[in-house]
Number of protein chains: 2
Amino acid sequence: MDQTAARPGRRRRPAAPTVQDVAVEAGVSPMTVSRVLSGAAHVRPELRARVEAAVAKLDYHRNENARSLRPGHRSGLVGVTITNIANPYYAELQRGLEEVAARHGRRILVGNSNEDPALERQLVADFLGRRVEGLVVVPSGGPDADHLQPAALGGVPLVLASRAVPGVDVDTVLVDDVRGAREATATLLAEGHRRVAFLGHRLSAFTGQRRLEGFRLAHAQAGVPVVDELVRVGQQDAASAQQALTALLELDDPPTAVFSANNRNTVGAIRAIAARAATGGPPVRLFGFDSFELADLSPVALSVVDHDARELGARAAGLLFERLEGTVPRAPARLVELPVVLREHLRDR
Amino acid sequence: MDQTAARPGRRRRPAAPTVQDVAVEAGVSPMTVSRVLSGAAHVRPELRARVEAAVAKLDYHRNENARSLRPGHRSGLVGVTITNIANPYYAELQRGLEEVAARHGRRILVGNSNEDPALERQLVADFLGRRVEGLVVVPSGGPDADHLQPAALGGVPLVLASRAVPGVDVDTVLVDDVRGAREATATLLAEGHRRVAFLGHRLSAFTGQRRLEGFRLAHAQAGVPVVDELVRVGQQDAASAQQALTALLELDDPPTAVFSANNRNTVGAIRAIAARAATGGPPVRLFGFDSFELADLSPVALSVVDHDARELGARAAGLLFERLEGTVPRAPARLVELPVVLREHLRDR
DNA sequence: CTGTTAGCGCCTTCAG
DNA sequence: CTGAAGGCGCTAACAG
């Protein structure tokens, strides 16, 4: 009915109502309000109704920050740092994470580390300041990782997702990179290819190393030597990958097949191969790690090592909540490696 | 050096250190600690050093929740609800938003509304409880939107992103849907097409309506009647879009061109057209709203109405911070419509 | 330059 | 069944 009842002490923003305000409005004590809000037992129905009416009228929302101050209370927050949310892969990961967190009644605080360890450190510090109950980090992989050490986290559990960090002994969820790369490469070798190129991102990236390892392993097991001049790492985006492969295809003795270690490199490879095919070059066989939408419509024959980013996020959250809910009190750090699936997109044109 | 100095009252988690703890460790009063932490002026260098050492030793992090309790202080949080973060479009949007928020020293709390108005309402309520300073919402578009009304938000500014909500008069950032759809359709009509199909999502989606409006407008301006039997709405995913277009292409008098109103429908359309082409059908011209990676490698000739999701997120955040920082104190609600770019991927095969 | 007091919003503990 | 007191961690305002 009435307009703004001028509460003293307000500046610009009307200042959110407090239990006090609700109590006055309902003509009860703050405690009664609190009890009603906590789904209280033992409150006279009439009072309860009055309180609920007051809450609705004032658009009251319990101050969670104040609440989390009380001993024993939790913030309901999980801190998440991602290296680049614009990468659809990590977007899926976040979704898996958020879903599980929501199911456990938690909210996620998200920050982009942008592959920058300093930023990551800052994000983690900020999250700790906000008293997150746990952390999920896609590590940016700098050399200096003491901000991820359990000691620095004051007992707040951490789960690493997608990449491990050497020397940081915490729960970690990975894709089975080595196996995926090995099987993909083995497939190419079994098809008879003897000059197989490798396209990957910089080796400081954990997954880059593991996938190259799988590549080498497959060669060793097949008794085929790795052609070192065909191994190109350091392409962080599709454009440089395209450039790198284009150069390789112009060699006197070019590769007949390519294993690309990630999404970005696969996209660049497709472009390079499509361009080469347009000029009448011989076909080049491509096998890429990571899938992507429309992979099945690729203009060049393609197989992929597919895996489920959403599942990865969900599992990371799962490990975290096992810690938080005491299901796994102080078990040693666990390592989960998610399976991969080899998929063909050969287009029988 | 020493192990855990057993502080009384701890349960399981060691309980994060407080200013008190730091003060004791440094042999000063809590106030001095507080001053040092606030980049204090007027603290004797020696004390400052002692405090800093204690902070490092204890891995102390200021409790932001307690801090935000003090009058005048802000939470440093912005609440964000997105309808589906796994959609790369919204992932980009989040990135733009997060970037700008970080630049303003704010963190984002992200929730997935999953296109569910009830979930959205719950998220907003939770965010308000955490005393976010502002909200950015990609509205899920249910009928009942009073939880987005300024009155319900208690003065917390809200910016709508990507979609508007009828009756909710707040800052809004949109893509120029009508113009994009109109120009795309006009292009098709100018090329001589007279039977142009429309594929879109359900019309309760705000953008769906606007894009259909543009489609109709172009027809009206060209003096070409819309062929109602070729207008198909309600496809929420690529599979149903493919199915819908396949059916249209089997008509006695099939469309010669298709305008698809979004990403998902375009992907489905590509599949349907590619399949049709494989059976020797006549070529079908395709124009889609939204771009996507590898659009240029589409196996069927394609043009797209491109626009920048990241920019959209950044602009939404920009509007929000203008409110928060008082640059635009209480200006009336503003509407920003971001431009689109028409792009051809015709592949001169 | 440093310390003491008090209170932000909430809820556990204890009285009534 | 309801209310009063006290304290969670922090920092303005006011001594000293």
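These figures come from a predicted structure and were not determined experimentally. To find a chain, count down the sequence lines: A is the first, B the second, and so on, and within it residues start at 1. All heavy atoms count here, side chains included; hydrogens, waters and symmetry mates do not.
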Legend entry - Student check: side-chain heavy atoms of B/Phe127 and B/Val156 closer than 4.5 Å: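 B/Phe127 does not reach B/Val156 side chain to side chain.
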Inset, instruction - Kindly indicate whether the side chain of A/Leu109, heavy atoms from C-beta on, has any atom under 4.5 Å from the side chain of B/Ile108. - result: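 No, every pair of side-chain atoms sits at 4.5 Å or beyond.
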Keeping the roles fixed (side chain from [X], backbone from [Y]), state whether a donor-acceptor pair exists under 3.5 Å.
X        : Y        : answer
B/Asp116 : B/Ser113 : no
B/Arg131 : B/Leu128 : yes
A/Glu52  : A/Val36  : no
A/Asp171 : A/Val159 : no
A/Glu133 : A/Gly76  : yes

Side-chain N,O ([X]) to OP1/OP2 ([N]) below 4.0 Å:
X       : N     : answer
B/Ser68 : C/dC8 : no
A/Ser29 : D/dG3 : yes
A/Thr32 : D/dG3 : yes

Rounding to an integer number of Å, can you tell me how far [X] [atom1] sits from [N] [atom2]?
X        : N      : atom1 : atom2 : answer
B/Leu69  : C/dA6  : CG    : C1'   : 14 Å
A/His61  : C/dG9  : NE2   : C1'   : 15 Å
B/Asn65  : C/dC10 : CG    : P     : 14 Å
B/Gln20  : C/dG3  : CD    : P     : 12 Å
B/Arg131 : C/dG9  : CZ    : C1'   : 9 Å
A/Asp21  : C/dC8  : CG    : P     : 11 Å
B/Glu46  : C/dT2  : CD    : P     : 9 Å
B/Leu47  : C/dC1  : CG    : C1'   : 9 Å

Produce the list of close N/O pairs, under 3.5 Å, pairing protein atoms with atoms of nucleotides 11-14 of chain D; give distances to one decimal.
| residue | atom | partner | partner atom | Å |
| --- | --- | --- | --- | --- |
| D/dT11 | OP1 | B/Arg62 | NH1 | 3.3 |
| D/dT11 | OP1 | B/Arg67 | NE | 2.4 |
| D/dT11 | OP2 | B/Ser34 | OG | 3.0 |
| D/dT11 | O5' | B/Ser34 | OG | 3.4 |
| D/dT11 | O4' | B/Arg70 | NH1 | 3.2 |
| D/dT11 | O2 | B/Arg70 | NH1 | 3.2 |

Inset, instruction - Can you pull out how bent the helix from C/dC1-D/dG16 to C/dG16-D/dC1 is, comparing the axes over its first five and last five pairs, to 10°? - result: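 Taking five pairs per end, the axes differ by 40°.
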Inset, instruction - For residues 145-158 of chain A, pull every pair meeting salt bridge (Lys or Arg N to Asp or Glu O under 4.0 Å), keeping only residues two or more places apart or in separate chains. - result: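 For residues 145-158 of chain A: A/Arg121-A/Asp146.
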Inset, instruction - Find the distance between CG (B/Leu69) and CG (A/Asn65) and round it off to the nearest 0.5 Å. - result: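 Those atoms lie 7.5 Å apart.
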Legend entry - Residue whose closest nucleotide on DNA chain C lies nearer the 5' end, A/Pro71 versus B/Val28: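 Looking at the nearest nucleotide for each, B/Val28 comes out on the 5' side.
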